[in-house]
Amino acid sequence: MPSEFEKALPILRKIESAGYEAYFVGGSVRDTILKRPIHDVDIATSAYPSEVKGLFKRTVDTGIEHGTVMILDHGTGYEVTTFRTESGYQDYRRPDKVTFVRSLREDLKRRDFTINALALSENGQVTDLFGGLVDMKARVIRAVGDPEERFNEDALRMMRAVRFASQLDFRIDDQTLKGIYDHSNLLKKIAVERIHTEFIKMMMGQDAGNGLSLMLKTRLYRYIPEFGDHFETLVELVKTPIRLINEVQVWSLFAASFQFQRSQIETFLKKWKTANKIINDVILTTDLIFRIQAQTVNNLDLYHAGRQNVQNAVAVAENYLNESLPDLIKAYDNLPITSRKQLEITGGELIKQGILKPGPQLGKTLTDLEKAVVIGKVRNRRSELMTEAISLNKE
Ligand SMILES: Nc1ccn([C@@H]2O[C@H](COP(=O)(O)OP(=O)(O)OP(=O)(O)O)[C@@H](O)[C@H]2O)c(=O)n1
Ligand SMILES: [Mg+2]
């Protein structure tokens, strides 16, 4: 058992010694069996929330309405959720009603995919009621029971299916795939923030091309912001291997493929509710990608992009440029300066020397000096910068 589980064992034992059942469930069980690193450890139990709270000293009601209590008795917090069934789902997102039950089977039955419906007990035994282990071996994503029901309950599960297909390099079972195809338009009901999370995970997965191609095949791409208008571009894109390691790279790949200019990138990513910092980096990265494609990259472009975005642009460009790229990271590291702060002269000194007065002209001069140093016109020496500042300000 991985150490993450070992550390949580006292919780399972305590619940069991009080006469209830408790298991590890969800993604951590799946990932352990697949020998992948695990993150959050989820625990499910037959004890009702009030019963769970009675067993431990320090608990927090993190999601009490759907049966989740956080236990703080053992260092890191562990979420313990009472077995439950769900009903209602009028909005295709969340149940109208949650009912706590004592049966593990009932709890596993309402879960999305067979590989996510496994339970692991304290003694290391796996409960597999829906064929999750066989599917794991065959590398298949299959809905638990009727796919249509599962996707009607939560339409985001369709995105989860393609995300897991990419992350795990699995295929999607035919019936499940048909369920996604038939219900793809339900994705419209889902908040863009939730789609965003799944989409980025999918694009950073080991088989992003397959994930994207599944989104085209199932028509899911039509129901995410902006992608509907770019079918042909996306068809071309999935033919190339895709290797991306962060969100900026993901969006930059699409921005460059869709040939978006600055303002279009902003509109595009605002629709996705992307953070401003990311939007900014995507704009810088995409700018640089266009210049890499046109083979016109100069020092000033590298300087403006910053090291991280030079790395991002190279990583994205490598996805679809066949010829080998010049070593732009090395070029970046060889820049005379990498920020204005490194200039051997400050605005204050220019004023003190009587070369300039405070005001907009001072800012412009500093920008020009910065540029002159970056492109190698002037060396970053105090005296040379001073001479340049004087010559820049002669009328
Ligand atoms: N729409 C959803 C979301 C989650 N689950 C169930 O809740 C578990 C935990 O959900 P979550 O942490 O969101 O996903 P994981 O499968 O754990 O994936 P990850 O490793 O990315 O956390 C899932 O395994 C699945 O059993 C579900 O049935 N339907
Ligand atoms: Mg999880």
Side-chain angles (χ1 to χ4, degrees), residues 27 31 34 36-37 39 112-113 139 141 155-172 177 180 184 187 190-260 264-275 277-286 288-289 308-309 311-321:
D31 290 336
L34 289 171
R36 293 169 57 87
H39 27 117
D112 53 2
F113 305 112
R139 308 177 78 79
I141 314 282
L156 185 73
R157 287 172 167 169
M158 299 186 289
M159 281 301 298
R160 283 171 57 86
V162 294
R163 183 258 280 198
F164 289 124
S166 164
Q167 266 186 335
L168 308 174
D169 190 13
F170 275 30
R171 67 180 181 84
I172 300 179
L177 198 63
I180 301 176
S184 52
L187 198 59
I190 301 299
V192 72
E193 291 89 338
R194 296 180 72 206
I195 301 177
H196 183 281
T197 309
E198 295 301 328
F199 186 70
I200 296 296
K201 283 184 182 173
M202 181 199 91
M203 288 306 300
M204 287 168 27
Q206 53 176 319
D207 205 358
N210 182 36
L212 202 54
S213 139
L214 285 166
M215 288 191 69
L216 297 178
K217 237 187 254 170
T218 56
R219 306 184 292 192
L220 283 172
Y221 80 100
R222 295 187 193 174
Y223 306 102
I224 62 173
E226 205 77 47
F227 281 64
D229 298 335
H230 298 277
F231 181 74
E232 280 82 16
T233 309
L234 293 167
V235 168
E236 284 309 306
L237 198 55
V238 300
K239 291 182 190 160
T240 61
I242 300 173
R243 200 63 222 121
L244 304 165
I245 61 163
N246 63 40
E247 184 179 347
V248 172
Q249 293 181 9
V250 170
W251 294 129
S252 301
L253 174 70
F254 291 113
S257 305
F258 299 162
Q259 296 283 315
F260 279 172
Q264 292 170 295
I265 296 177
E266 218 171 316
T267 313
F268 168 45
L269 294 183
K270 288 259 186 258
K271 286 187 195 161
W272 276 95
K273 300 217 164 53
T274 306
K277 161 82 176 111
I278 303 268
I279 297 181
N280 211 26
D281 284 340
V282 173
I283 289 173
L284 292 169
T285 300
T286 307
L288 192 56
I289 294 169
Q308 184 68 54
N309 289 325
Q311 255 165 356
N312 285 333
V314 169
V316 175
E318 274 173 347
N319 282 296
Y320 54 84
L321 290 183

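We number each residue from 1, following the sequence as shown. Reckoned from all heavy atoms, side chains included, excluding hydrogens, waters and symmetry mates.
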pair L156-E198: side-chain heavy atoms closer than 4.5 Å: yes
Straight-line distance of R219 CZ to M158 CE, nearest 0.5 Å: 10.5 Å
Contact check, side chains of I279 and I283, non-hydrogen atoms, under 4.5 Å: yes
I180 side, atom CD1; I172 side, atom CD1 - distance, nearest 0.5 Å: 4.0 Å
Approximate separation, where rounding is to 0.5 Å, of I242 CD1 and M204 CE: 13.5 Å
Residue pair S213 / V238: nearest heavy atoms and the distance that separates them: N-CG1, 3.7 Å
Any side-chain heavy-atom pair of Q308 and N246 under 4.5 Å: yes
Any side-chain heavy-atom pair of M203 and L253 under 4.5 Å: yes
Distance-only donor-acceptor check, side chains N210 and D169, under 3.5 Å: no
Contact check, side chains of Q167 and K201, non-hydrogen atoms, under 4.5 Å: yes
Check: N309/T285 side-chain N/O donor and acceptor closer than 3.5 Å: yes
H230 ring center near F260 ring center (under 6.0 Å): yes
Gap separating the CE atom of M202 from the CD1 atom of I195, nearest 0.5 angstrom: 12.0 Å
Heavy-atom pair with the smallest gap, counting every atom of T233 and S257: CG2-O, 3.4 Å
Validation row: I190, Y223 side chains within 4.5 angstrom (heavy atoms): no
Nearest heavy-atom neighbours spanning G211 and S166: CA-CB, 4.2 Å
Beyond-backbone contact of M159 with M215, side-chain heavy atoms, under 4.5 angstrom: yes
Evaluation steps, side-chain contact (heavy atoms from CB on, under 4.5 Å), between I224 and W272: CA-CA 8 Å; I224 62 173; W272 276 95; 3.7 Å; yes
Salt bridge (Lys or Arg N to Asp or Glu O under 4.0 Å) contacts in which one or both residues fall within residues 227-255, not counting sequence neighbours: E236-K239
From Q249 atom CD to I200 atom CD1, the distance as rounded to the nearest 0.5 Å: 11.0 Å
Rounded distance [0.5 Å steps], CG in N319 versus CG in L244: 5.0 Å
Test applied, side-chain contact (heavy atoms from CB on, under 4.5 Å); reference residue, I278; option that passes from V282, D281, N280: V282
Taking every non-hydrogen atom, the tightest pair across A165 and L214: CB-CD1, 3.7 Å
ring-ring contact (aromatic ring centres under 6.0 Å, His included) assessment of F268 paired with F254: CA-CA 10 Å; F268 168 45; F254 291 113; 7.3 Å; no
Y221 ring center within less than 6.0 Å of F199 ring center: no
Heavy-atom side-chain proximity of F170 to F113 below 4.5 angstrom: no
